[in-house]
Amino acid sequence: QDIRISAMNFHKRVAYKIAQQYAKEEKSIERAAKSNEHYKIYYALKMNYKILNYNTYDNEYFNYLEGPAKLYKENKKYTRQQILEYILNNDSDLAEAYTLLQELYDIAFTSTEMNARKRINGWVKKVKSSDKHISALKDAALTIGSWIIPITNSFHIDETKLGLLSNGP
């Protein structure tokens, strides 16, 4: 969520800075900013706030992506999938953050007790080595790295409790 808000603010600021180069009056600046590609990204992020953090393992994920969405001042109908692709194609930081978040979901939903630590450590290393502006994920990676033992212990399945995950060894 922090990454989405940072990206929204960035795109809005860029749209207005570009507009200020061409227009001098406040109304003209606003009109010019709203016709800018950065403003469309800002609007798409604002109106589709769930789109970046939706879990691909959620049963409703594909239904959600097929739902209707729109871009600023365009009458054409879009799906959320098209809006997601538009956002990711136009902002490389968000694209990387989205990919890393989906990888974390994949680890959480498909890892076993045997491979969880290796996969989580690989994800943490990948996030830390990223050159993108994804500070929220980097903070999460530091926390996950610090708590790796209790987190990986949670992948232990306790057969005596009908297959429920345990909180430890």
Side-chain angles (χ1 to χ4, degrees), residues 1-12 14 37-38 40-71 77-169:
Q1 203 66 338
D2 290 344
I3 295 170
R4 180 187 68 85
I5 292 168
S6 296
M8 280 174 49
N9 292 334
F10 167 78
H11 286 290
K12 188 175 183 180
V14 169
E37 199 66 26
H38 286 282
K40 286 183 182 178
I41 297 169
Y42 159 77
Y43 183 83
L45 287 167
K46 181 178 179 181
M47 299 310 288
N48 299 284
Y49 63 92
K50 288 184 185 178
I51 205 164
L52 292 173
N53 58 354
Y54 220 85
N55 179 352
T56 53
Y57 287 89
D58 189 316
N59 292 336
E60 294 297 315
Y61 178 71
F62 292 106
N63 291 337
Y64 174 77
L65 286 182
E66 290 304 314
K70 65 179 190 170
L71 282 175
K77 294 187 184 233
Y78 294 95
T79 64
R80 288 189 189 105
Q81 176 68 45
Q82 291 169 314
I83 298 295
L84 177 62
E85 290 170 9
Y86 173 78
I87 292 168
L88 298 180
N89 288 334
N90 287 289
D91 190 317
S92 62
D93 288 353
L94 281 178
E96 182 154 343
Y98 179 79
T99 302
L100 289 168
L101 181 61
Q102 295 308 320
E103 287 176 16
L104 185 60
Y105 287 144
D106 181 57
I107 291 167
F109 284 88
T110 64
S111 292
T112 64
E113 184 179 4
M114 304 305 279
N115 68 2
R117 181 175 296 182
K118 182 178 177 183
R119 291 184 71 197
I120 292 170
N121 282 332
W123 182 84
V124 167
K125 192 178 292 185
K126 188 186 276 191
V127 171
K128 286 181 180 179
S129 67
S130 173
D131 63 343
K132 302 294 183 187
H133 300 286
I134 51 174
S135 59
L137 276 180
K138 289 183 179 187
D139 292 345
L142 287 172
T143 302
I144 290 169
S146 298
W147 290 88
I148 191 72
I149 292 172
I151 290 170
T152 54
N153 284 343
S154 72
F155 285 88
H156 174 74
I157 296 177
D158 187 347
E159 298 297 331
T160 62
K161 295 183 179 172
L162 302 172
L164 297 175
L165 293 177
S166 77
N167 288 333

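- In terms of heavy atoms, Arg80 sits closest to Tyr64 at NH1-O, 2.8 Å.
- Nearest heavy atom pair, residue Tyr54 against residue Glu60, reads OH-CB, 3.8 Å.
- Nearest heavy-atom pair, Leu84 versus Tyr98, reported as atom, atom and distance to 0.1 Å: CD2-OH, 3.5 Å.
- Sorted by first and then second residue, the salt bridge (charged side-chain N to carboxylate O under 4.0 Å, His left out) pairs with a member in residues 121-144 read Glu103-Lys126; sequence neighbours excluded.
- Looking at every heavy atom in both residues, Ser111 comes nearest to Arg119 through OG-NH1, 2.9 Å.
- Annotation for Asn63: atom CG counts as buried by contact number, over 12 foreign heavy atoms lying within 6.0 Å.
- Using modelled atom types, one side-chain atom of Asn90 and one backbone atom of Tyr86 make a donor-acceptor pair closer than 3.5 Å.
- Two residues are said to be in side-chain contact when any heavy atoms from C-beta on lie closer than 4.5 Å; Leu101 and Leu52 fail this criterion.
- Side-chain contact between Leu45 and Asp91 is absent, with no heavy-atom pair separated by less than 4.5 Å.
- Atom OG of residue Ser135 and atom CG of residue Asp93 lie 10.0 Å apart, to the nearest 0.5 angstrom.
- Listed for the Glu85 side chain is no donor-acceptor partner under 3.5 Å among the backbone atoms of Gln82.
- Listed for the Arg117 side chain is no donor-acceptor partner under 3.5 Å among the backbone atoms of Thr152.
- Between Thr110 and Tyr57, the shortest heavy-atom contact is CG2-OH, 3.4 Å.
- Between the side chain of Ser154 and the backbone N or O of Ile151 there is at least one donor-acceptor pair closer than 3.5 Å.
- Using a 4.5 Å heavy-atom cutoff, the side chains of Leu100 and Leu104 are not in contact.
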task: For the pair Ile148 and Asn121, evaluate side chain to side chain contact (heavy atoms under 4.5 Å, CB included) and give the outcome as yes or no after the intermediate values.
output: CA-CA 8 Å; Ile148 191 72; Asn121 282 332; 3.8 Å; yes
task: Would you please test Thr99 and Leu88 for side chain to side chain contact (heavy atoms under 4.5 Å, CB included) and show each step?
output: CA-CA 10 Å; Thr99 302; Leu88 298 180; over 6 Å; no
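- Nearest heavy-atom pair, Ile107 versus Trp123, reported as atom, atom and distance to 0.1 Å: CD1-CB, 3.6 Å.
- Interatomic distance, Tyr105 OH to Thr56 OG1, rounded to the nearest 0.5 Å: 8.5 Å.
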